[in-house]
Amino acid sequence: MSPSRVLVLNSGSSSVKYQLLDMRDSSRLAVGIVERIGEQTSRLRHTVLATGAARELSGPVADHDAALKAVAEELAKDGLGLDSPELAAIGHRVVHGGKHFTRPTVIDERVLAEIERLIPVAPLHNPANLTGIRTAMALRPDLPQVAVFDTAFHTTMPESAARYAIDVRTADRHRVRRYGFHGTSHAYVSRATAKLLGRAPDEVNLIVLHLGNGASASAVRGGRCVDTSMGLTPLEGLVMGTRSGDLDPAVIFHLVRVGGMTVDEIDALLNTRSGLIGLCGDNDMREICRRIDEGDRQARLAFDIYIHRLKKYIGAYYAVLGRVDAIAFTAGVGENAAPVRAAAVAGLEELGLVVDGGLNAVHSTEARLISPPDARVAIAVVPTDEEMEIATQTYALVGGGDA
Ligand SMILES: Nc1ncnc2c1ncn2[C@@H]1O[C@H](COP(=O)(O)OP(=O)(O)O)[C@@H](O)[C@H]1O
Ligand SMILES: CC(=O)OP(=O)(O)O
Ligand SMILES: [Mg+2]
């Protein structure tokens, strides 16, 4: 029988998430994460689904190369190692693919060079993705390695949404435009939401809200992205865990000229010390909700700023789409934080947006509706599955199934 397993690697700035899937029945064989890479307190958690065996290792993991080698060792302990003849391909999440990569792509030297060229516009993500790919290639040079790009789903955006209103020649020379991210999630959730509605993806208009540590919104018309909130880099748009999202670009000039800060200092400020953590010292929505319940005003303000921005994007994408069939909440905050979902659409009844308090309060890992049955616009909670989407696209590309 031809090999049917796909290993998916999602290398983030300080973590590697991985899953080994069997694409014959889309089952998961092993899942895990290496966290806090580069620190003394790194941790690897590995679960084998067939046996339920779970292992946790602690101790320093110096870099992404060491992390991936540790993952390979863990997989090998259960006979699921990278040397397995049943492995068909390795699928890699690559955050920035620029304008060039509109589809999943088998990685060769030319593709590696392009991902490397894009590092300045994804400094937190692309270097980690590259290390993951290079290590995996060294471990299995004979195996197809496939890059699945966060940006690919957004390449359908019209120029009116993708261009910034700056001098066209300058923008083109430096490839300054809006690319959008989390596209694998937006694509997966768009299809899953259409399925939940019992409709074909090409006949529904959706607003997808991916609210994780990084967060982005997208407007999807008939299965194609027409606008999204992240831009040249994953900094634009919504308020995030540690990122500011939208701000007047002159804030940067002001901080240089009046605040005496360097560009690198401002980069770090806006990417790592802003958003929820900058506003209230916490970037975990669970903790923020808990503090609000205790009457903490700083946490309340951070929540209100987060919601205000989210509501503005819902309104904007409603206008962009003209007609909205459903709004889908996804990722860590979107899937779990009922207060965020309720607040994001509060007061928007005139737009047909109503959340049923009882349905919203139910905890579930299934895709579900939280709007009343007669609502004009469906509001849904749809768990994302970037790893499954990456595996599906990877397997299809290497000839194993249909996309
Ligand atoms: N039960 C919960 N209630 C509220 N927020 C939650 C809950 N579980 C997770 N989250 C939020 O989800 C975030 C992580 O989302 P996730 O999609 O896993 O992010 P990422 O993939 O960007 O690291 C956490 O920072 C936390 O704020
Ligand atoms: C692109 C991006 O923001 O990714 P993440 O949410 O994984 O940081
Ligand atoms: Mg994520």
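Ligands are counted one by one from 1 in listed order, and the atoms in each one are counted from 1 as well.
When each atom of ligand 1 is checked for a heavy atom of Asp284 under 4.0 Å away, the hits are 26 (C), 27 (O). Of all atoms in ligand 1, numbered sequentially from 1 with element shown, those under 4.0 Å from a heavy atom of Asn283 are 25 (O), 27 (O). Within ligand 1, the atoms closer than 4.0 Å to a non-hydrogen atom of Val333 are 11 (C), 12 (O), 27 (O), numbered from 1 in the order shown. Taking a cut-off of under 4.0 Å to the non-hydrogen atoms of Ala331, the atoms of ligand 1 that pass are 17 (O). Taking every heavy atom of Asp150 and a limit of under 4.0 angstrom, the matching atoms of ligand 2 come to 1 (C). Interface of Phe181 with ligand 2, defined as ligand atoms under 4.0 Å from a residue heavy atom, comprises 1 (C). Those atoms of ligand 2 that come under 4.0 Å of a heavy atom in Met230, given as number and element, are 3 (O). Counting the atoms of ligand 1 from 1 in the order shown, those under 4.0 Å from a heavy atom of Ala337 are 4 (C). Every atom of ligand 1 with a heavy atom of Gly212 under 4.0 Å away is listed here by number and element: 15 (O), 16 (P), 17 (O), 19 (O). Near Pro234, with a cut-off below 4.0 Å to any heavy atom, the atoms of ligand 2 are 1 (C), 3 (O).
By the criterion of a heavy-atom distance under 4.0 Å, neither the backbone nor the side chain of His210 is placed next to ligand 1. Contacts between Val340 and ligand 1, counted as non-hydrogen atom pairs separated by less than 4.0 Å, are absent for every part of the residue. Counting heavy atoms closer than 4.0 Å to ligand 2, residue Arg93 contributes side-chain atoms (C-beta onward) but none from N, CA, C or O. Only the side chain of Arg243 comes within 4.0 Å of ligand 2, counting heavy atoms alone; its backbone N, CA, C and O stay farther away. With a heavy-atom cut-off of 4.0 Å, Met240 does not touch ligand 2 at all. With a heavy-atom cut-off of 4.0 Å, Asn213 does not touch ligand 2 at all.
Side-chain contact between Val31 and Tyr18 is absent, with no heavy-atom pair separated by less than 4.5 Å.
Ligand 1 has an N or O atom lying under 3.5 Å from an N or O atom of Met285, backbone or side chain. Checking only distances, His182 does come within under 3.5 Å of ligand 2, N or O to N or O. Considering backbone and side-chain atoms alike, Gly332 places an N or O below 3.5 Å from some N or O of ligand 1.
At most 12 non-hydrogen atoms from other residues, nucleotides or ligands lie less than 6.0 angstrom from CZ of Arg224. By the 6.0 Å contact criterion, NZ on Lys195 is open, its count of non-hydrogen atoms from other residues, nucleotides or ligands being 12 or less. No more than 12 heavy atoms of other residues, nucleotides or ligands lie within 6.0 Å of CD in Glu109, so this atom counts as exposed by the packing criterion.
Side-chain N/O atoms of Glu114 and His100 include no donor and acceptor closer than 3.5 Å. With 3.5 Å as the limit, one finds no donor-acceptor pair spanning the side chains of Asn271 and Arg243. For the residue pair Thr330 / His210, no side-chain donor-acceptor distance below 3.5 Å is found, with atom types taken as modelled. Counting only N and O atoms by type, the side chains of Asp65 and Thr135 include a donor and acceptor under 3.5 Å apart. In summary, the side chains of Thr184 and Glu386 do not present any donor paired with an acceptor at a separation below 3.5 Å, with no hydrogens or angles considered.
Contact analysis leaves Glu287 out of contact with ligand 1, as no non-hydrogen atom separation drops below 4.0 angstrom. Under a 4.0 angstrom heavy-atom cut-off, Gly214 registers as being in contact with ligand 1.
Among Ile277, Leu211, Asn213, the residue whose heavy atom lies closest to atom 19 (O) of ligand 1 is Asn213. Proximity annotation for atom 24 (C) of ligand 1: of Arg286, His363, Arg290, Arg286 comes nearest, heavy atoms only.
In this view, Thr102 and Thr155 satisfy the side-chain contact (heavy atoms from CB on, under 4.5 Å) rule, not counting sequence neighbours. Evaluation of the ring-ring contact (aromatic ring centres under 6.0 Å, His included) rule for Tyr317 yields Tyr313 as partners, not counting sequence neighbours.
Salt bridge status for Lys312 with Asp246: absent, with no side-chain N to carboxylate O gap under 4.0 Å.
A parallel orientation is assigned to the rings of His186 and Phe153, their planes being inclined by less than 30° (bins at 30° and 60°).
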Begin from the C-alpha positions of Thr228 and Ser218 and carry the test side chain to side chain donor-acceptor pair (under 3.5 Å) through to its verdict. CA-CA 4 Å; Thr228 194; Ser218 65; 4.7 Å; no

